[in-house]
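For reference, the structure is listed below as structure tokens.
Letters A, B, ... are given to chains in the order of the sequence lines, protein chains preceding strands, and every chain is numbered from 1. On a predicted model such as this, the values are computed, not experimentally measured, just so you know.
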Amino acid sequence: MDATVRQPRAADLLAWYDRHRRVLPWRALPGEQADPYRVWASEIMLQQTTITAVKPYFERFMARFPTVDALAQAPSESVMQAWAGLGYYSRARNLHACAKVVAGQHGGRFPDTEEGLRELPGIGAYTAGAVAAIAFDRPAAAVDGNVERVMTRLFAIEEEMPGAKPLVRERVLALMPSRPGDFAQALMDLGATICTPRSPACGLCPWREPCRARIAGTQETYPRKAAKKTGKTRFGAAFVAMREDGAVLVRTRPAKGLLGGMVEVPGGEWRADYRLEEALRDAPLVAQWRRLIAPVRHVFTHFPLELTIFVAKLPLDAQAPEGMRFTPFARLREEAFPSVFLKALEAGLEGLQRH
DNA sequence: AAGTCGTGGTG
DNA sequence: TCACCAAGACT
């Protein structure tokens, strides 16, 4: 330890935060107490998701489900539809389950401690700390990707993530000031606007002097972490069948697993060794299927996907196979399609139209 | 305790 | 194009 290096003070960060804090829909104004329901819902939405993507969803969600009780009473299809396009759909299922617990077992009030929050579905170490700190001003650590980056740089922590997480947490708690909620948000604002992954604006940072990584000129090398490998491309087929009246054949996916509980156009299993010659085996029914030239490409977190699109027109008296249903064209937008099937559907409709 | 689980933006 | 990243949780 170089004794001449100044130690970081939370007060310097809070002073910066008081001048530069971001204005966000779920964030209380200075001096106001935040609404736990809004804080919680926003935290779930923001897991691994950008603020830009979340904002419109959050506004619609709050208009549709203004209270935790309203959310608890809503049908799951309604919740999944409100979430469609945001990704990580288990978050939506857990969010709904959590609302039911809070409404049914806690009188509609969220637990006001980290431990109590941690018991609820969908709330892990980070979210429990964030809600405890932001909504209830508890001195809890909310260690997300931003905070990991800020702290590993500030203290030049060499241990790789996620192994260094307990150490990062200790460092945060050791700095905890008398404004825990603002401190938690200040750390995240700093990470999001100044202490960015690439080209951090160290000259504007309130902690530039005590930052050990900046002193060494190695800011961008933190946090240390092992490189992750990308999965093999998987292939599959998607069948867009339109009845003469415009209704489209769809089905709901199983509740668990990939895209669980969301709506899809029919298709088979996605495999790395998929054989296009056998694609029609996955067809939901017998029809004059026409294959579109351009496949639909989509990238999931752990594998790329290439979907071959087949289209067909069906007679008005066509029956939906077991487990499937026809959705009127005008109501397609009300279905909880994840993005990949929205792409497949759009490609299919486009293909049907030009024929 | 690695793998699973979406999507869109960025350099 | 491509790897990385974004207020992670769950198994």
Review point. Under 4.0 Å between a side-chain N or O of A:Ser339 and OP1 or OP2 of B:dT7?
Key: yes
Review point. Under 6.0 Å between the ring centres of A:Phe61 and A:Phe65?
Key: yes
Point to revise | Candidates C:dC10, C:dC4, C:dA7 - which lies nearest the side chain of A:Asn94 | key: C:dC10
Exercise for review: Give A:Val299 one of three labels, base, sugar-phosphate or nothing, depending on what nucleic acid heavy atoms sit under 4.0 Å from its own.
Suggested key: base
**Study point:** Length of the CD1-P vector between A:Ile44 and C:dG8, whole Å
**Key:** 11 Å
**Study point:** Presence of A:His302 side-chain N/O under 4.0 Å of B:dC5 phosphate oxygens OP1/OP2
**Key:** yes
Practice item. Using heavy atoms to find the nearest nucleotide of DNA chain C for A:Arg118 and A:Leu46 separately, return the residue whose nucleotide is more 5′. Key: A:Leu46
Point to revise | Contact under 4.0 Å: A:Arg149 side-chain N or O vs C:dC5 OP1/OP2 | key: no
Check your understanding: What is the nucleic acid contact for A:Ala184, judged by heavy atoms within less than 4.0 Å: base, sugar-phosphate only, or nothing?
Key -> nothing
Point to revise | For atom CG of A:Asp189 and atom P of C:dA7, their distance in whole Å | key: 10 Å
Check your understanding: Between atom CZ in A:Arg198 and atom C1' in C:dC4, what is the gap in whole Å?
Key -> 6 Å
Check your understanding: Just checking A:Gly85: base, sugar-phosphate only, or nothing, at a heavy-atom cut-off of under 4.0 Å?
Key -> sugar-phosphate
Point to revise | Step-by-step side chain to side chain contact (heavy atoms under 4.5 Å, CB included) determination, A:Arg291 to A:Leu276 | key: CA-CA 10 Å; A:Arg291 179 170 69 85; A:Leu276 190 52; 4.1 Å; yes
Check your understanding: B:dG6 phosphate, OP1 or OP2: any side-chain N/O from A:His298 under 4.0 angstrom?
Key -> no
Practice item. Report yes if at least one side-chain N or O of A:Gln48 is closer than 4.0 Å to OP1 or OP2 of C:dG8; otherwise report no. Key: yes
Check your understanding: Does A:Ser199 get its side chain close enough to the base of B:dG11, under 3.5 Å, for a donor-acceptor pair?
Key -> no
Practice item. Provide, to the nearest angstrom, the distance between the NE2 atom belonging to A:His96 and the P atom belonging to C:dA9. Key: 20 Å
Check your understanding: Of all the choices, C:dC5, C:dA7, C:dC4, which nucleotide is nearest to the side chain of A:Met188 once you look at every atom?
Key -> C:dA7
Exercise for review: I would like to know whether A:Met62 and A:Trp26 meet side chain to side chain contact (heavy atoms under 4.5 Å, CB included); could you show each step before the answer?
Suggested key: CA-CA 10 Å; A:Met62 286 301 124; A:Trp26 45 85; over 6 Å; no
Exercise for review: Please report, rounded to the nearest Å, how far the C1' atom of B:dT7 is from the CZ atom of A:Phe303.
Suggested key: 13 Å
Review point. Counting only side-chain N and O atoms of A:Tyr89, is one of them less than 4.0 Å from OP1 or OP2 of B:dT7?
Key: yes
Check your understanding: Base, sugar-phosphate alone, or nothing: which one does A:Leu24 contact when heavy atoms must sit under 4.0 Å apart?
Key -> base
Check your understanding: Heavy atoms under 4.0 Å, any strand shown: does A:Trp40 hit a base, just sugar-phosphate, or nothing?
Key -> nothing
**Study point:** Given B:dT7, C:dA7, C:dG8, the nucleotide with the shortest approach to the side chain of A:Leu259
**Key:** B:dT7
Check your understanding: Using the P atom in both, what is the distance from B:dG3 to C:dC4, to the nearest Å?
Key -> 15 Å
Review point. Are any of A:Thr127's side-chain N or O atoms less than 4.0 Å away from OP1 or OP2 of C:dA9?
Key: yes
**Study point:** Distance, rounded to the nearest Å, where A:Phe300 contributes CZ and B:dG3 contributes C1'
**Key:** 16 Å
Review point. Taking the side chain of A:Ala227 as its heavy atoms from C-beta onward, which of C:dA9, C:dA7, C:dC4 lies nearest to it?
Key: C:dC4
**Study point:** Check: A:Phe235 ring centre within less than 6.0 Å of A:Trp270 ring centre
**Key:** no
Revision key, fill the gap. Side-chain atoms of A:Thr301 come closest, of C:dA7, C:dC4, B:dG6, to B:dG6
Study note, to complete from the structure: Between CG of A:Leu305 and C1' of B:dT4 the distance, given in whole Å, is 16 Å
**Study point:** Ring centres under 6.0 angstrom apart (A:Tyr57, A:Trp83)
**Key:** no
Study note, to complete from the structure: When A:Tyr88 and A:Lys256 are each assigned the nearest nucleotide of DNA chain C, the 5'-most assignment goes to A:Tyr88
Point to revise | Options B:dG6, B:dG11, C:dA9, nucleotide nearest the side-chain atoms of A:Tyr126 | key: C:dA9
Practice item. Taking atom P in both B:dC5 and C:dA7, compute the distance separating them and give it to the nearest angstrom. Key: 23 Å
Exercise for review: Taking the six-membered ring for Trp and the single ring otherwise, decide whether the centroids of A:Phe300 and A:Phe303 are under 6.0 Å apart.
Suggested key: yes
Point to revise | Nearest-Å distance for atom pair CZ/P, residues A:Phe337 and B:dT7 | key: 13 Å
Exercise for review: Check the hydrophobic clustering (I, L, V, M, F, W, Y; side-chain heavy atoms under 4.5 Å; chains of links allowed) and say if A:Val296 and A:Phe310 are grouped together.
Suggested key: no
